[in-house]
Amino acid sequence: MEKLILIDGNSIIYRAFFSMPPLTNSSGLHTNAVYGFTNMLLRLIQEERPTHMLVAFDAGKVTFRHEGYQEYKGGRDKTPSELSEQFPLMRELLESFGIAWFELAGYEADDIIGTLTKRAEEAGQEVLVVTGDKDMLQVVSDRVKVALTRKGVSEVEPYDPQQIEEKYGLKPLQIIDLKGLMGDTSDNIPGVPGIGEKTALKLLHQFGSVEEVLAHTDELKGKMKENLVNHADDARMSKQLATIFREVPVERSWEEMKFDGIQEESAVPMLRKLEFKSLLERMSFAGGGNAAGEAAPAEQVEIEVTMVTQDNLSELIADLSNIEGIIVESYGDNPHQATMMGMALSTASRHYYLPFDVLQEEYAAEARAWLADEHVPKRGYDLHRVDLVLFWQGIAFAGAEHDVQLAAYLLDPTESDQTLSGLAAKYHLSPVPGDDEVYGKGAKFKVPEPEELSRHLARKADALLRILPLQRQDLAKYEMERLFYDLEMPLSRILADMEKQGVAVNKEALKELGVEFEAQISKLVTRIYEIAGQEFNINSTKQLGEILFDKLGLPVIKKTKTGYSTDAEVLEKLAPYHEIVQFILEYRQLAKLQSTYVEGLLKEISPKTGKVHTYFRQTIAATGRLSSQYPNLQNIPIRLEEGRKIRKVFVPSEEGWFILAADYSQIELRVLAHISGDPGLQEAFLHDMDIHTKTAMDVFGVGPDQVDANMRRSAKAVNFGIVYGISDYGLSQNLNITRKEAARFIDQYFDAFQGVRRYMDDIVKEAKRDGYVKTLLERRRYLPEINASNFNLRSFAERTAMNTPIQGSAADIIKLAMVRMDEELYKHGLKSRMLLQVHDELVFEVPPEELEIMSKLVPETMGKALELSVPLKAEVSSGLNWYEAK
DNA sequence: GTCACTACA
DNA sequence: TACACTGTAGTGACA
């Protein structure tokens, strides 16, 4: 089936220009309109898969329409030079893509398109017209659809005759009559005064056309009749102006409009010249990408698997040196408690399925030795989890070289589907069924029979082998090889070691804390019921809201989607009104400690080791941070004393040892000082000043002695805001001030730290141009919504653009420090163990004789993890438990 | 499963 | 315009 796409070049380029933020390439050329246009082109090509294309442009200022009406298109503002310089670029780009374009003096793009649709229609071809001009709807027919742009040019709304009927109650040709009556201010077409869209539609529904309306003015009355009679000629002329001329001598044959997919050899240099990096990557010619004519994903093929038994184990053993990929399947969310289902081992030509009960046998020692050999490089999926699952089964795993899940995370940390099934689809490989499909989910989960399980794992292994080279290419292309092979892969082993080690918990002390909390909680509950005059579930926000707002009549400060808000912020404001509020706040605090930190933690203590073994997830946070689960040891209370006590139960696992903790001081602001190059901020850190006091001095223009506690507090909030991608609203909420005051603060901050202002402006521009931002170690995060027309989406992406390089670079640095620290412990033959990472803090357990060296070695290693233009500082302390190591 | 809430950096 | 500062995990209520 042949399909022609015709594009009104002028209409689209104008819309693209006004809907996109200004954008220039490094030589100062304006490119925003071309960018928007190209973006739309790519989408059209991908979604519509046209066989023929042509872009029509207006040529010259004067058209045949001016002959009859001098004022046609009068009153328009002059085209800005930033836009007019983009027309030649756009034509050049079309040529480089292999897309035909056409213009002819005296005619508008509309007329050229009208002519070509007529010809194509007569030849029985299917046509899609893309424009921002509603007039074009007049050419719609069964074969010709018109897509009108919405929201700039990012979305289009296609119309066929039925849709025009539904929306206007008109036939396509009546669109001309509509315009004749209502006119068009943008083209300076007068129409009839006093008649807008509504009236015009009413008249047309009644009479059908301009001529018929004018012939029946006697049936009308009032001002409308008068206007129609007096402006009958205007109406006729307006209709004529709005009529698309469909007999333009267009010298383009059907063959000349043929589109054979984007021509890579010429398109790539053009996109490079324009510096459209994100588009270049999106098209990814090598991987098939979006170019037309792309092959459909291959069909799922049958896969042969060798089931390994005692009898044929020797075949596998002989083939071990050829194994290229490993899939170890297990179920259960917590890898420390997961159950292994089976293992697939694959060479380029053969898949083996090795059941766990075979692997366990005495006679499979060679296979186990192979798994444990760190000199045998292993490629697989989620090897961090594999390591843990095998470990708890008593099987050692080492030598992870390429983890496909981890690589996928680096290539796009926000991709929610990291499964092999999803990756196979992304790389256009033969489809791999999802795990849920094969195993069922929730209550329906079932381990399948060995035949089905082995086939599924082999399919995954097959996809794995095909994905590996593609990921290597991608990692090289994005200069992420060091990040992957020298940082994240080594770190994944270190994390597994930390998790296996676990952290010892003083169970008795924890239970005692629980008893203490329980006593306080029950007192509070009694008191709250007394004051409320009834019993209710304080944990239920619904019931609590009813008591506070309906029964006690307290003022409603804030509402949630589903009812009254009762969060801490609201309760703080309500505290002066009623004594019950304070008790509820205290109850909430203690209930959280009891349920999450006492009861929750007790449940996570391993009966085998008496420790908690958290699971650090390396592929979750979009910024590159780690996350921690089962239990989360990255959110153990510290701010309030009651909660901080929880830290007393985290103790060394050996008699007489110590807990040592070291945390980076202001790592994020130091990173900001480095990447922004702001002299004031750099100076502060070079002299190791109190950064919030220094900020207060510069923002308020006072000396160090004049900074009071309140000024410092404000400065601190501004510093936090800066790191998060500041907004006046966010700061105003934080400091409980008006938005205006907050905006003034921010302005003063940027006046004092102009390098920071420049960084924030530049990084947002960069994100808009490239579609992603990067950290110091080339970690990247895509921000597809950075050019969205929706204010919220766009603002969120802009703040993310500001925050991610900061938070992400800080994550890079502490990860580097962990890898270095692991090396140092090994090099010095130390018995000390790294236990935890809490974003800017590392926690160790240390034997007494190493306390001295570790107190020096840890902050030193952290301090020189990465050299910045300002010093990195880490502070260390130690004690008998985590509470004391503060 | 989603929401509201709260804990951390 | 609308409506809002980064990144996470866990719990209890309620559908």
Side-chain angles (χ1 to χ4, degrees), chain A residues 333 413-414 441-442 536-545 558-571 584-585 587-601 603-604 614-617 620-640 642-644 646-647 663-668 672 717-735 739 742-743 746 760 773 781 789-808 810-811 814 836-841:
Chain A
D333 291 332
T414 50
K441 62 175 177 183
F536 65 100
N537 186 344
I538 311 171
N539 290 327
S540 161
T541 46
K542 191 162 165 254
Q543 293 181 37
L544 178 61
K558 196 166 68 172
K559 294 197 114 188
T560 66
K561 273 181 266 184
T562 47
Y564 304 119
S565 171
T566 66
D567 66 20
E569 199 192 318
V570 168
L571 295 184
I584 289 165
L585 279 165
Y587 169 86
R588 280 252 177 98
Q589 189 202 327
L590 287 159
K592 172 83 178 177
L593 293 175
Q594 186 72 312
S595 67
T596 305
Y597 297 105
V598 176
E599 290 162 5
L601 211 50
K603 276 187 232 156
E604 293 293 344
T614 191
Y615 174 44
F616 286 110
R617 301 191 65 184
I620 298 298
T623 53
R625 277 190 177 179
L626 300 175
S627 79
S628 157
Q629 280 183 320
Y630 318 126
N632 180 354
L633 294 183
Q634 291 183 321
N635 71 346
I636 302 301
I638 189 166
R639 269 188 26 246
L640 302 172
E642 276 306 280
R644 194 171 195 155
I646 299 282
R647 294 189 170 223
D663 67 303
Y664 277 114
S665 158
Q666 302 297 347
I667 188 169
E668 292 186 332
L672 176 62
V718 173
N719 277 331
F720 269 97
I722 290 294
V723 168
Y724 292 157
I726 200 149
S727 78
D728 48 12
Y729 180 82
L731 185 65
S732 73
Q733 287 295 293
N734 211 302
L735 284 176
R739 226 181 65 190
I746 294 169
M760 296 294 173
V773 290
R781 176 172 182 181
S789 52
N790 179 306
F791 176 88
N792 287 322
L793 292 179
R794 190 176 63 246
S795 302
F796 185 60
E798 287 172 357
R799 290 194 297 273
T800 311
M802 299 186 240
N803 170 262
T804 295
I806 301 174
Q807 191 184 119
I814 193 162
L836 297 173
Q837 187 250 50
V838 192
H839 309 309
D840 66 353
E841 173 187 18

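For the numbers below, each heavy atom of this structure counts, side chains included, while hydrogens, waters and symmetry mates do not. Chain identifiers are assigned alphabetically (A, B, ...) following the order of the sequence lines, protein sequences preceding nucleic acid strands; residue numbering begins at 1 within each chain. Because the structure is predicted, anything quoted here is derived from the model rather than measured.
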Enquirer: Taking only the P atom of each, what is the distance from C/dA4 to B/dC5 in whole angstrom?
Expert: 15 Å

Enquirer: For A/H839 and for A/D728, find the nucleotide of DNA chain C with the closest heavy atom, then tell me which residue's nucleotide is more 5'.
Expert: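 In this pair, the answer is A/D728.
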
Enquirer: Could you tell me if A/N539 and A/Y587 have a donor-acceptor pair between their side chains, going purely by distance under 3.5 Å?
Expert: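 Yes, A/N539 and A/Y587 have a side-chain donor paired with an acceptor closer than 3.5 Å.
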
Enquirer: Is a side-chain donor-acceptor pair under 3.5 Å present for A/S628 with A/T614?
Expert: yes

Enquirer: What about A/Q807, does its side chain sit under 3.5 Å from the base of C/dT6 through a donor-acceptor pair?
Expert: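 Present.
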
Enquirer: Tabulate protein N/O versus nucleotide N/O from nucleotides 1-3 of chain B, keeping only pairs under 3.5 Å, one per line.
Expert:
none

Enquirer: Kindly point out which of C/dT6, B/dT6, B/dA7 is positioned nearest to the side chain of A/P637?
Expert: B/dA7

Enquirer: Indicate whether any N or O donor in one side chain lies under 3.5 Å from an N or O acceptor in the other, for A/R781 and A/T804.
Expert: yes

Enquirer: Mind checking the C1' distance from C/dT1 to B/dT6? Whole angstroms is fine.
Expert: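 After rounding to an integer number of Å, I get 33 Å for this pair.
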
Enquirer: Checking all strands, does A/A568 fall into the base, sugar-phosphate, or nothing category for heavy-atom contacts under 4.0 angstrom?
Expert: sugar-phosphate

Enquirer: From the list B/dA9, C/dT8, B/dT6, which nucleotide is the closest neighbour of the side chain of A/R588?
Expert: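 Comparing B/dA9, C/dT8, B/dT6 against the side chain of A/R588, the answer is B/dT6.
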
Enquirer: Answer with yes or no whether the side chains of A/T623 and A/Q807 bring together a donor and an acceptor at under 3.5 Å.
Expert: yes

Enquirer: Base, sugar-phosphate, or nothing: which does A/R781 touch, judged by heavy atoms less than 4.0 Å apart?
Expert: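 Sugar-phosphate, backbone atoms only, no base.
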
Enquirer: May I ask you to say what A/V838 touches in the nucleic acid, namely base, sugar-phosphate or nothing, with a heavy-atom cut-off under 4.0 Å?
Expert: sugar-phosphate

Enquirer: Determine the minimum heavy-atom distance between A/T800 and A/P805, stating which atoms define it.
Expert: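 The pair with the smallest heavy-atom distance is O-CD, 4.2 Å.
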
Enquirer: Classify every nucleotide of nucleotides 10-15 of chain C by which part a protein heavy atom approaches to under 4.0 Å, writing B for the base, S for the sugar-phosphate alone and - for neither, in 5'-to-3' order.
Expert: BSSSS-

Enquirer: Is A/A622 touching bases, backbone alone, or none of the nucleic acid, heavy atoms closer than 4.0 Å?
Expert: sugar-phosphate

Enquirer: Whether A/R625 and A/E668 form a salt bridge (side-chain N of Lys/Arg under 4.0 Å from carboxylate O of Asp/Glu) is what I want to check.
Expert: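 A salt bridge links A/E668 with A/R625.
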
Enquirer: Are more than 12 heavy atoms, taken from residues, nucleotides or ligands other than A/F720, located less than 6.0 Å from that residue's CZ atom?
Expert: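 Counting other residues, nucleotides and ligands, CZ of A/F720 stays at 12 neighbours or fewer.
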
Enquirer: Can you find a side chain N or O atom of A/R739 that sits less than 4.0 Å from OP1 or OP2 on C/dC3?
Expert: no

Enquirer: Supply the atom-to-atom distance A/D333 CG to A/Y615 OH, rounded to the nearest 0.5 angstrom.
Expert: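 The CG atom of A/D333 sits 10.0 Å away from the OH atom of A/Y615.
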
Enquirer: Could you tell me whether A/I620 contacts a base, only the sugar-phosphate backbone, or nothing, with contacts defined as non-hydrogen atoms closer than 4.0 Å?
Expert: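 Sugar-phosphate only.
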
Enquirer: Choosing from C/dT8, B/dC8, C/dT6, which nucleotide comes nearest the side chain of A/F796?
Expert: C/dT6

Enquirer: Need one value for A/S565: base, sugar-phosphate or nothing, where a base atom within 4.0 Å counts as base even if backbone is also close, heavy atoms only.
Expert: sugar-phosphate

Enquirer: Nearest to the side chain of A/F791, which nucleotide is it out of C/dA2, B/dA9, B/dC5?
Expert: C/dA2

Enquirer: Under 4.0 Å between a side-chain N/O of A/T614 and OP1 or OP2 of C/dA9, yes or no?
Expert: no

Enquirer: Pairing of DNA chain C as dot-bracket, 5' to 3': ( ) intra-strand, [ ] crossing, | other strand, . unpaired, with Watson-Crick or G-U pairs under 3.5 Å?
Expert: .....|||||||||.

Enquirer: Could you verify whether a donor N or O on one side chain and an acceptor N or O on the other, from A/R739 and A/S727, lie under 3.5 Å apart?
Expert: no

